[in-house]
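Just the heavy atoms: all of them, side chains too, but no hydrogens, waters or symmetry mates, feed the values below.
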Amino acid sequence: MKKLKERWNVNSNKQLVIILLVFAITGFSSLELAKPFLSLIGIPESFQPHWLYRVLRLVLIFPIYQVLLVLIGFIFGQFSFFWKFEKKMLERLKLGFIARYVDSKLNKK
């Protein structure tokens, strides 16, 4: 726990527990939301070939997770931590332009 607190620059055990809770809620929620979202766009669970359905679901989970991470982090009062975390992830994926765009919109307010 101590190394994790240092790595994430977290001050208290309470904040660390909240952050870990947000990660857990976000992971579970993104898994649960991907299935109905696929159905909504016309791809039912009975889609054939089934392996393609699984691949599409996995691909869809990633962006859902990214959005939920910041949203649920905000709800739990940890927006700044998760926004920094998200910006780092987007930069690694060569999608930093998204973070810069959102930052520009957030800083205008």
State yes or no: do [X] and [Y] share one hydrophobic cluster built from I, L, V, M, F, W and Y residues joined by side-chain heavy-atom distances below 4.5 Å, directly or via other members?
{"X": "Leu20", "Y": "Leu71", "result": "yes"}
{"X": "Leu40", "Y": "Val55", "result": "yes"}
{"X": "Phe82", "Y": "Val10", "result": "yes"}
{"X": "Tyr65", "Y": "Phe28", "result": "no"}
{"X": "Ile72", "Y": "Leu33", "result": "yes"}

Distance check, rounded to the nearest 0.5 Å: [X] atom [atom1] versus [Y] atom [atom2]?
{"X": "Leu56", "Y": "Trp51", "atom1": "CG", "atom2": "CH2", "value": "8.5 Å"}
{"X": "Leu58", "Y": "Tyr53", "atom1": "CG", "atom2": "OH", "value": "10.5 Å"}
{"X": "Leu38", "Y": "Glu45", "atom1": "CG", "atom2": "CD", "value": "9.5 Å"}
{"X": "Gln66", "Y": "Ile64", "atom1": "CD", "atom2": "CD1", "value": "11.0 Å"}
{"X": "Leu4", "Y": "Ile19", "atom1": "CG", "atom2": "CD1", "value": "8.0 Å"}
{"X": "Trp8", "Y": "Lys84", "atom1": "CH2", "atom2": "NZ", "value": "14.0 Å"}

Side-chain heavy atoms of [X] within contact of [Y], under 4.5 Å:
{"X": "Trp83", "Y": "Lys87", "value": "yes"}
{"X": "Phe85", "Y": "Leu90", "value": "no"}
{"X": "Arg100", "Y": "Glu91", "value": "yes"}
{"X": "Ile18", "Y": "Leu21", "value": "no"}

Of the non-hydrogen atoms in [X] and [Y], which two are nearest, and what is the gap between them?
{"X": "Val59", "Y": "Pro63", "answer": "O-CD, 3.0 Å"}
{"X": "Gly73", "Y": "Val22", "answer": "N-CG1, 3.8 Å"}
{"X": "Gln48", "Y": "His50", "answer": "OE1-N, 3.6 Å"}
{"X": "Leu68", "Y": "Ser30", "answer": "CD1-N, 3.8 Å"}
{"X": "Leu60", "Y": "Ala34", "answer": "CD2-O, 3.7 Å"}
{"X": "Pro44", "Y": "Gly42", "answer": "CD-O, 3.4 Å"}

Q | Exam field: side chain Arg57 to backbone Leu31, donor-acceptor pair closer than 3.5 Å | A |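 Indeed, once roles are kept as given, a pair shorter than 3.5 Å links the two residues.
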(Q) When you measure from the side chain of Thr26 to the backbone of Phe23, do you find a donor-acceptor pair of N or O atoms at a distance under 3.5 Å? (A) no
Q: Would you check if there is a donor-acceptor pair between the side chains of Lys5 and Asn13 at a distance under 3.5 Å?
A: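 Side chains of Asn13 and Lys5: pair found under 3.5 Å.
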Q: Verify whether the ring centers belonging to Phe74 and Phe81 lie closer than 6.0 Å.
A: no
